Student: 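Take a look at this one; I'll ask things after.
This structure is a prediction, so every number in the text was calculated from the model and none was measured. The basis for the numbers below is simple: all heavy atoms, side chains too, and nothing from hydrogens, waters or symmetry mates.
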Amino acid sequence: MSLLLLVVSALHILILILLFVATLDKSWWTLPGKESLNLWYDCTWNNDNKTWACSNVSENGWLKAVQVLMVLSLILCCLSFILFMFQLYTMRRGGLFYATGLCQLCTSVAVFTGALIYAIHAEEILAERPPGGSFGYCFALAWVAFPLALASGVIY
């Protein structure tokens, strides 16, 4: 039983790390020439002084929805981890983690919805950017976090 608790805790921490990196790092969309866009900033690599030059992203409504959903998924995942620890130490032996599982399932739904909106509306979100490019690793991390959060919710 303690091995299962250790695995579930490690899975939960892995999901938290994936969500933090996916939400805060700068590679949801990459363009040729070392230019990348994340949910918050549009960054261009400056070869002269070897730094990133970043500016705010567009005011697109779909992008705002993705931002809200990814932050919501982070909050829900943190809340479910706190609930898990609270229930682990206060619940009587043999109790079930319904509240934690429900929070993790809501986390997976929020991540899924945010990544799906970004995938479907990428052309509208990136309308003022030059054509070309591809989804970055943060977008992929969001898609990896979704089934892990879903599995974690079901396990709880």
Side-chain angles (χ1 to χ4, degrees), residues 1-31 34-43 52 54 56-58 60-127 129 132-156:
M1 188 62 154
S2 63
L3 179 64
L4 180 62
L5 288 175
L6 181 68
V7 168
V8 168
S9 297
L11 178 63
H12 206 120
I13 291 171
L14 175 67
I15 294 166
L16 269 171
I17 291 169
L18 289 174
L19 287 175
F20 270 108
V21 171
T23 303
L24 301 176
D25 209 5
K26 61 178 179 277
S27 183
W28 272 69
W29 185 263
T30 56
L31 291 165
K34 289 193 174 181
E35 187 174 1
S36 66
L37 280 84
N38 69 1
L39 297 179
W40 314 103
Y41 295 103
D42 177 5
C43 297
W52 287 98
C54 295
N56 288 333
V57 293
S58 69
N60 185 292
W62 292 114
L63 184 60
K64 296 292 181 192
V66 174
Q67 290 172 342
V68 167
L69 286 166
M70 291 305 293
V71 169
L72 178 66
S73 70
L74 268 172
I75 292 169
L76 286 171
C77 194
C78 290
L79 177 67
S80 66
F81 189 69
I82 292 167
L83 272 170
F84 172 65
M85 288 298 157
F86 178 74
Q87 288 177 325
L88 185 63
Y89 292 110
T90 60
M91 195 181 338
R92 62 183 172 84
R93 192 172 199 157
L96 299 174
F97 298 96
Y98 287 125
T100 304
L102 183 63
C103 273
Q104 270 306 82
L105 290 174
C106 290
T107 297
S108 70
V109 168
V111 171
F112 174 76
T113 307
L116 188 63
I117 287 172
Y118 195 85
I120 291 172
H121 296 285
E123 288 181 7
E124 293 173 44
I125 292 170
L126 306 166
R129 306 286 0 145
S134 61
F135 292 106
Y137 69 89
C138 290
F139 178 76
L141 288 179
W143 279 112
V144 169
F146 157 65
L148 292 177
L150 184 64
S152 175
V154 169
I155 289 171
Y156 284 126

Student: Could you tell me which non-hydrogen atom of C103 sits nearest to which non-hydrogen atom of L79, and how far apart they are?
Tutor: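 In this case the closest contact between C103 and L79 is SG-CD2, 3.8 Å.
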Student: How long is the span from the CG atom in L76 to the OG atom in S108, to the nearest 0.5 Å?
Tutor: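 Rounded to the nearest 0.5 Å, the CG-OG separation comes out at 10.0 Å.
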Student: Hey, are the side chains of L141 and D25 touching, using non-hydrogen atoms and a 4.5 Å cut-off?
Tutor: no
Student: For side-chain contact (heavy atoms from CB on, under 4.5 Å), just list the numbers for T107 and L19, CA-CA rounded to whole Å, side-chain angles, deciding distance to a tenth of an Å, and then say yes or no.
Tutor: CA-CA 10 Å; T107 297; L19 287 175; 3.9 Å; yes
Student: Mind checking whether L74 and M70 have side chains closer than 4.5 Å, heavy atoms only?
Tutor: no
Student: What's the spacing between L72 CG and C77 SG if we round to 0.5 Å?
Tutor: 11.0 Å
Student: How many angstroms lie between atom CG of L14 and atom OG of S9, to the nearest 0.5 angstrom?
Tutor: 12.5 Å
Student: Do you know the tightest heavy-atom contact between V66 and G114?
Tutor: CG2-O, 3.5 Å
Student: Whether the side chain of S152 engages the backbone of H12 through a donor-acceptor N/O pair (distance < 3.5 Å, no angle test) should be reported.
Tutor: no
Student: So do Y156 and Y98 actually touch side chain to side chain, heavy atoms under 4.5 Å?
Tutor: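 Of all side-chain heavy-atom pairs linking Y156 with Y98, none is under 4.5 Å.
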Student: Could you report the tightest heavy-atom contact between V111 and A142, atom names first, then the distance?
Tutor: CG1-O, 3.1 Å
Student: Angle class for the Y118/W28 ring planes (parallel below 30°, perpendicular above 60°, tilted otherwise)?
Tutor: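 Rings of Y118 and W28: perpendicular, as their planes differ by over 60°.
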Student: Rounded to the nearest 0.5 Å, how far apart are OG of S73 and CZ of F20?
Tutor: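 Atom-to-atom, S73:OG and F20:CZ are 9.5 Å apart.
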Student: Specify the closest pair of heavy atoms between T100 and S80, including all atoms of both residues, with the distance to one decimal.
Tutor: CG2-O, 3.4 Å
Student: Could you tell me whether the side chain of F81 reaches within less than 4.5 Å of the side chain of I13, counting heavy atoms only?
Tutor: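 Contact flag for I13/F81 side chains = yes.
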Student: Would a 4.5 Å heavy-atom cut-off, applied to side chains only, mark L69 and F112 as touching?
Tutor: no
Student: How close do F139 and A119 get, heavy atom to heavy atom, and via which atoms?
Tutor: CZ-CB, 3.7 Å
Student: Please test L105 against L150 for side-chain contact (heavy atoms from CB on, under 4.5 Å), starting from the C-alpha separation and ending with a verdict.
Tutor: CA-CA 6 Å; L105 290 174; L150 184 64; 3.7 Å; yes
Student: Minimum heavy-atom separation for Q87 to A99, with atom names?
Tutor: NE2-CB, 3.6 Å
Student: Take F84 and L5 through the test side-chain contact (heavy atoms from CB on, under 4.5 Å) and record every step on the way to the result.
Tutor: CA-CA 10 Å; F84 172 65; L5 288 175; 4.0 Å; yes
Student: I want to check something: taking the side chain as every heavy atom from C-beta on, are W40 and T23 in contact at a cut-off of under 4.5 Å?
Tutor: yes
Student: Is the ring pair W62/H121 parallel, tilted or perpendicular, if the boundaries are 30 and 60 degrees?
Tutor: parallel
